[in-house]
Amino acid sequence: MEQPIAVTRQSFDDWMVPVYAPADFILVRGEGSQVWDQQGKSYIDFAGGIAVNALGHAHPVVTAALVEQAGKLWHLGNGYTNEPVLRLAKLLIDATFADKVFFCNSGAEANEAALKLARKRALDKGNSSKNQIVAFNNAFHGRTLFTVSAGGQPKYSKDFAPLPGGITHTPFNDLAAAAEVINDHTCAVIVEPIQGEGGVLPADPAFLQGLRELCDRHDAVLIFDEVQTGMGRTGELYAYTQYGVVPDVLTTAKALGCGFPIGAMLTTDELAKTLGVGTHGTTYGGNPLATAVAGAVFSSINTPEVLEGVKQRHQWFLDGLNKINQQYPIFSEIRGGGLLIGCQLTQDYAGKAKQITQLANEEGVIALIAGPDVVRFTPSLIIPEQDVKEGLARFARAVARICS
Ligand SMILES: *Cc1c(COP(=O)(O)O)cnc(C)c1O
């Protein structure tokens, strides 16, 4: 047999388009909430592949679903439907407000579909000037040109002008500011129930409730981007149920596939009619391999044990992080919901989130940032207590180093 090509971290710099700056080691294997690098060093995984690996690595039920489907049927294209996609659609519909589902391959694609639906719906109603989209500062909705424009972080979009027009941003959680720009020309409002990439900032219930009322008053589509909050991350299947505010469109991805690329847009019968045959599509969306995996993921996550377990784990993290913060006061706030937790650094440590996660890597734990001033944790929803303890002990050592 031919030898595999030898690869090191340097290979990344040599061969890859440099849009990422990955850590200086290469992970080769994972099991549950532990991963190992090329040298055999172990890490506790508090990042979960950026809120994706909701059941950890190599979960036996998910792996079995993948292997079983891999031996049967991978892909057909959307000229032919398939059993796993229909079963997954039914699971999502029965568990949510939705009547219809559109499948795609990522969070950005799900949001792209949602925004296109909203524009076309207004046009179909004969209102060609009802095309304005309202979004929020600091939001993140993906990296396609449309979704990066809807996102509220100009640093991600400014170099790609001219951008799609008709998008207005107002401050997150400022209902009065939103009310000033939402009017009869608004076709959609897109919002994350908890801003993830933007710093783990939960929406105020009154803010989402107010957006719901404004959308009703002006016949605009309310889109909840639950790509990060979705599929159990907050301790509910989707965060909208916690808020008691039902959107018209919900987008989901990340945890839905637990690492197999898949996204979905959930909506009502009435809105789904907008996207008739041929108006939108994707080659891979809803393919049997992805949807068989997501079906197994869904059934594993949507259980009282897992969802209750997320709330319990939230408390384990809070207790541990508060204890670290008592000894080394570097966080001014610890916030978020379920297993989407953000630790805001104090003024003294502003800008040091990346450095802290690098030290955490050295100590054997993987954490995320959410902007330069927030350390973010999005571990597996079923991370064992022992791994939480060990990971936090390692994280504490990293914090001690940044403080010394
Ligand atoms: C990650 C994320 C996206 C983008 O998802 P991709 O799969 O990277 O396209 C969109 N919205 C939110 C809230 C996200 O966290």
Side-chain angles (χ1 to χ4, degrees), residues 19-20 22 47-54 102-118 133 135-153 155-157 160 167 169 172-173 188-203 208 211 222-234 236-240 242-243 247 249-266 282 284-287 290-291 293-294 297 336-342 368-371 374 376-379 381:
V19 290
Y20 309 111
I50 317 186
V52 167
N53 304 318
F102 170 80
F103 288 105
C104 50
N105 315 290
S106 67
E109 280 181 58
N111 287 328
E112 185 88 17
L115 295 170
K116 285 177 73 176
L117 183 157
I133 293 163
F136 298 98
N137 294 348
N138 241 6
F140 185 80
H141 299 301
R143 300 290 200 130
T144 65
L145 201 55
F146 202 176
T147 56
V148 86
S149 306
Q153 304 188 52
K155 66 174 184 212
Y156 291 144
S157 59
F160 305 103
I167 305 172
H169 295 91
F172 186 65
N173 273 337
V189 174
I190 183 167
V191 64
E192 297 158 87
I194 300 175
Q195 285 194 337
E197 304 299 310
V200 190
L201 294 157
L208 295 186
L211 293 179
L222 180 61
I223 302 166
F224 277 5
D225 177 348
E226 294 227 31
V227 169
Q228 188 149 164
T229 53
M231 285 281 282
R233 177 122 330 255
T234 65
E236 301 291 335
L237 191 65
Y238 288 102
Y240 80 89
Q242 265 160 338
Y243 281 94
V249 175
L250 181 152
T251 55
T252 178
K254 292 203 166 98
L256 178 61
C258 262
F260 202 101
I262 182 170
M265 177 189 71
L266 279 55
T282 148
Y284 294 113
N287 101 1
T291 51
V293 170
V297 170
L339 289 173
L340 173 53
I341 295 168
L368 286 173
I369 62 171
V374 176
R376 176 172 41 148
F377 300 99
T378 57
L381 306 184

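Just follow the structure's listing: the first ligand is 1, and inside any ligand the first atom is 1.
- Inter-residue side-chain proximity for Phe146 and Ile167 is flagged as met; some heavy-atom pair is nearer than 4.5 Å.
- Residues Val200 and Ile341 fail the side-chain proximity criterion, which asks for heavy atoms closer than 4.5 Å.
- Within 4.0 Å of ligand 1, heavy atoms belong to protein residues Ser106, Gly107, Ala108, Asn111, Phe140, His141, Gly142, Glu192, Asp225, Val227, Gln228, Lys254.
- Looking only at side-chain heavy atoms (C-beta outward), Glu192 and Glu197 stay at 4.5 Å or farther from each other.
- Side-chain atoms of Asn111 come within 3.5 Å of backbone N or O of His141 as a donor-acceptor pair.
- Residues passing the ring-ring contact (aromatic ring centres under 6.0 Å, His included) test with Tyr243: none are found, sequence neighbours excluded.
- Val249 is not listed as a side-chain neighbour of Phe224, based on a closest heavy-atom distance of 4.5 Å or more.
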